[in-house]
Amino acid sequence: MQAKTFKLKLLVGALALAIHPAGFAQAQLNCSDNEKCNEYLVVTGDVMREPVNVVSDPKKPRLPLPAFEGSGFLKTIPGFSVTRKGGMGGDPTFRGQGGSRLAIVDDGQQLYGACGGRMDPPTNYIYPESYDEITVIKGPQTVKYGPVGSAGTVLFEKDRHRFSEAGLMGRASVTAGSFDRRDSIIEVVAGNADYYLDFDMNSSSSDHYRDGNDNQVQSSYDRDNTNFALGWTPAENTVVELAVGQSRGEAEYADRLNKARRIDSDSYSLLVQHEFELDWLSKIELQAYSNDNDHLMDQFDRGVNAGADVRRSTGGGHLWLELTPGANWDLSLGVDLMRSQHEGRFINQAKDKGLDDLLHKAFMEDMRYRNWGLFVESVYHLDYSKLYAGLRYDNWDTELSVAQTGTRRDELFSGFMRYEYRDGSSQYYAGMGHAERMADYWEIMKASDTSPGQKAFNLAPEATNQADIGWIYSHGVEISTSLFYGRLNDYILIDARGPSTVARNIDASLYGGEASIDYDLDDSWSAQVTLSYTRGKNDSDHLDLGQIAPLESKLSLNYAHQAWSAGILWRLVAAQDKISLGQGNIVGQDLAPSSGFGTLAINASWTYKEQLRLTLGIENLFDITYAEHISKAASGNDLPGSEPMFQVNEPGRNAWAKLTYEF
């Protein structure tokens with residue numbers, strides 16, 4: 001594993017900061033007020049408490065084991081599933097849809113991976129705990145954040161800071177767990193009335209884990225992230241921020257023979273925000289960004305002369321205006337730009353030999369995207385209700401340079417309307433959304449179903465028409481329900497049943513939803529139940545839609561009293577027999593029907609004077625052996641002594657402890 005010296009220093013530094021008494025703030029909490037202490041309870045899952053939005057605080061402790069990448073965090077939210085490949089690189093899906101159908105926005109940046117086999121999905125580069133807020137917008141119910149996510153939009157966001165006087169605040173945490181899991185993070189924010197500095201450094205690593213049969217699963221990884229932001233606040237209502245981020249990692253996977261020798265990313269962002277005191281204009285925001293991914297994968301360590309180095313360079317920006325054309329009317333106008341270039345170099349087994357030959361080869365570009373979009377999104381406030389609406393235009397230029405050269409231009413339109421009504425303790429909403437999506441890199445790189453020797457460059461854009469309705473209730477008990485029905489015209493299906501894997505357009509439909517109940521049994525005890533279900537149909541071929549996770553429920557019981565808390569989480573997943581063998585999406589295809597399973601996890605925490613918290617947990621308490629339905633085939637799990645697996649099994653029993661200090 002790489003960067004052991006860096007990881008040791010980070011671990012020691014976080015521990016030293018956590019035990020240093022000089023860092024404690026003057027105001028301390030003795031936890032005699034149980035309601036106040038409940039703010040520090042372990043969170044077992046985030047649910048919808050406002051229409052179509054799930055808002056999470058990633059710095060709170062949660063089950064399962066604290067996530068070191070974005071996909072693991074999203075898995076705790078009802079409706080999300082993650083395709084297991086190993087310990088790193090999980091691909092999230094929401095309501096059966098992933099890839100570019102799920103927009104991942106990294107603090108304003110459009111983020112993509114480089115690997116043609118999805119070893120580095122966008123969430124791979126995101127360490128959730130370093131962010132201040134994570135928001136999931138369900139369905140095509142916003143047009144603001146770049147190309148529309150037809151399944152949903154996920155915002156990983158950081159705060160901007162304003163200090164009235166010189167100050168310093170921060171936090172540090174360390175996590176240790178089974179399979180040699182080690183995480184650590186240091187965050188520091190310092191500043192005065194004119195400037196601020198926001199810095200975080202985090203690290204995560206693990207050895208290969210073992211499943212419930214004590215079978216070793218190839219899954220080791222090592223990742224280090226550093227983020228630095230320098231802000232200038234020349235006035236109370238103005239922020240200018242320059243941010244730089246770096247991520248370095250490597251990993252092994254159970255679903256393939258290639259090892260990820262390098263999974264690196266560098267990002268840069270310049271942000272300007274200014275708030276106005278005008279009747280018609282409230283805020284302007286301008287952001288420019290650039291991010292570059294470099295992914296080196298090979299089988300040289302296995303004695304096989306095979307390898308590739310691929311890169312993705314993405315840049316763009318946006319200009320947003322927040323207007324108030326009327327006393328009850330808020331309006332957002334914006335334009336955004338994005339360009340993305342993919343290139344690679346590959347071992348020629350007849351002429352090249354080994355890593356050095358690969359690294360001396362020239363990169364060859366295979367695809368280039370250019371996109372610009374215009375949008376308007378508004379909300380009109382009535383006495384007890386709100387009316388949301390949005391419209392977006394996207395212009396795409398795509399160039400392909402693989403075996404043949406091709407260009408295409410697409411003009412796409414998206415929009416939505418949503419009505420929200422509040423009546424006492426209840427909120428109701430109903431919305432309709434339309435999203436048009438250009439085929440992404442991974443879909444185009446599949447074979448064409450009409451010309452198998454060519455890439456699928458002539459795929460029609462996918463059009464989603466979806467209805468979303470829901471009810472939220474909060475009075476003694478919290479109830480949340482959200483239902484959806486979507487028709488997808490020209491849905492892009494990946495079909496691996498023939499001699500080559502092809503991408504083709506079909507018509508499909510999806511329906512389902514999520515529900516949750518949170519109830520305080522008394523001052524100390526509380527319970528939560530969540531339920532999520534999605535059903536998909538391939539209407540063109542009269543088949544079930546592939547890669548749809550089955551019915552899932554989570555039941556938790558939590559106890560909190562003064563500085564102490566404890567909880568138990570029971571996860572139940574039904575069998576899935578509604579499948580289409582060999583069909584699915586860019587992440588994977590259905591392998592077989594799957595069995596249902598249930599797992600139990602327990603946790604406990606102790607808080608000392610508000611700043612110091614110790615959290616403990618055990619996952620898969622009864623050490624069962626199971627695999628998720630949308631798990632990948634275990635075709636690369638060839639560790640010495642390992643038994644063959646059909647799919648990549650989930651970890652067996654594993655324990656962890658996390659120490660967090662805030663100042």
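Positions are given from 1, in the same order as the sequence printed here.
- Note that CD of Gln218 is 9.5 Å distant from CG of Asp255, once rounded to the nearest 0.5 Å.
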- Assess whether salt bridge (Lys or Arg N to Asp or Glu O under 4.0 Å) is satisfied between Asp495 and Arg504, documenting all intermediate values. CA-CA 8 Å; Asp495 195 333; Arg504 59 186 177 94; 3.1 Å; yes
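- Only one option out of Arg311, Lys361, Arg368 pairs with Glu343 in a salt bridge (charged side-chain N to carboxylate O under 4.0 Å, His left out); it is Arg311.
- A distance of 6.0 Å separates CE in Met367 from CZ in Phe457, rounded to the nearest 0.5 Å.
- Residues Val648 and Ser631 share a closest heavy-atom pair of O-OG, 2.9 Å.
- Contact detail for Asn305 and Asp352: the closest heavy-atom pair is ND2-O, 2.8 Å.
- Between Glu650 and Lys85 there is no salt bridge, since no side-chain nitrogen of the basic residue lies less than 4.0 Å from a carboxylate oxygen of the acidic one.
- Here Met438 contributes atom CE and Ser100 contributes atom OG; the two are 10.0 Å apart, rounded to the nearest 0.5 Å.
- Here Leu359 contributes atom CG and Arg261 contributes atom CZ; the two are 8.5 Å apart, rounded to the nearest 0.5 Å.
- With rounding to the nearest 0.5 Å, the separation of CD in Glu443 from CD1 in Ile494 is 5.5 Å.
- At a cut-off of 3.5 Å, with distance as the only test, a side-chain donor of Ser203 or Asp224 sits close to an acceptor on the other residue.
- From Met297, atom CE reaches atom CG of Asp120 across 8.0 Å, with rounding to the nearest 0.5 Å.
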- Message: Quick one, Asn585 with Gln547, criterion side-chain hydrogen bond (donor to acceptor under 3.5 Å, both in side chains). Give me CA distance, side-chain angles, the key distance, then yes/no.
- Response: CA-CA 7 Å; Asn585 52 45; Gln547 290 289 276; 4.8 Å; no
- Take Arg262 and Asp294 through the salt bridge (Lys or Arg N to Asp or Glu O under 4.0 Å) test and state the conclusion after the steps. CA-CA 7 Å; Arg262 183 167 66 213; Asp294 186 357; 3.3 Å; yes
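- Evaluated for a ring-ring contact (aromatic ring centres under 6.0 Å, His included) with Phe68, the options Tyr221, Trp656, Tyr127 yield exactly one hit, Tyr221.
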- Query: How far apart are the C-alpha atoms of Lys158 and Asp200, what are their side-chain angles, what is the distance that settles it, and do they pass the salt bridge (Lys or Arg N to Asp or Glu O under 4.0 Å) test?
  - Reply: CA-CA 11 Å; Lys158 294 188 176 184; Asp200 73 80; 3.2 Å; yes
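- Side-chain atoms of Ser313 and Arg339 form a donor-acceptor pair, as typed in the model, at a separation below 3.5 Å.
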- Check the pair Glu619, Arg571 against salt bridge (Lys or Arg N to Asp or Glu O under 4.0 Å), reporting the backbone distance first and the verdict last. CA-CA 11 Å; Glu619 314 292 327; Arg571 179 175 176 238; over 6 Å; no
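- Closest approach of Gly86 and Ser219 over heavy atoms only: C-CB, 3.7 Å.
- Side-chain atoms of Ile492 and Arg101, non-hydrogen and from C-beta on, do get closer than 4.5 Å to each other.
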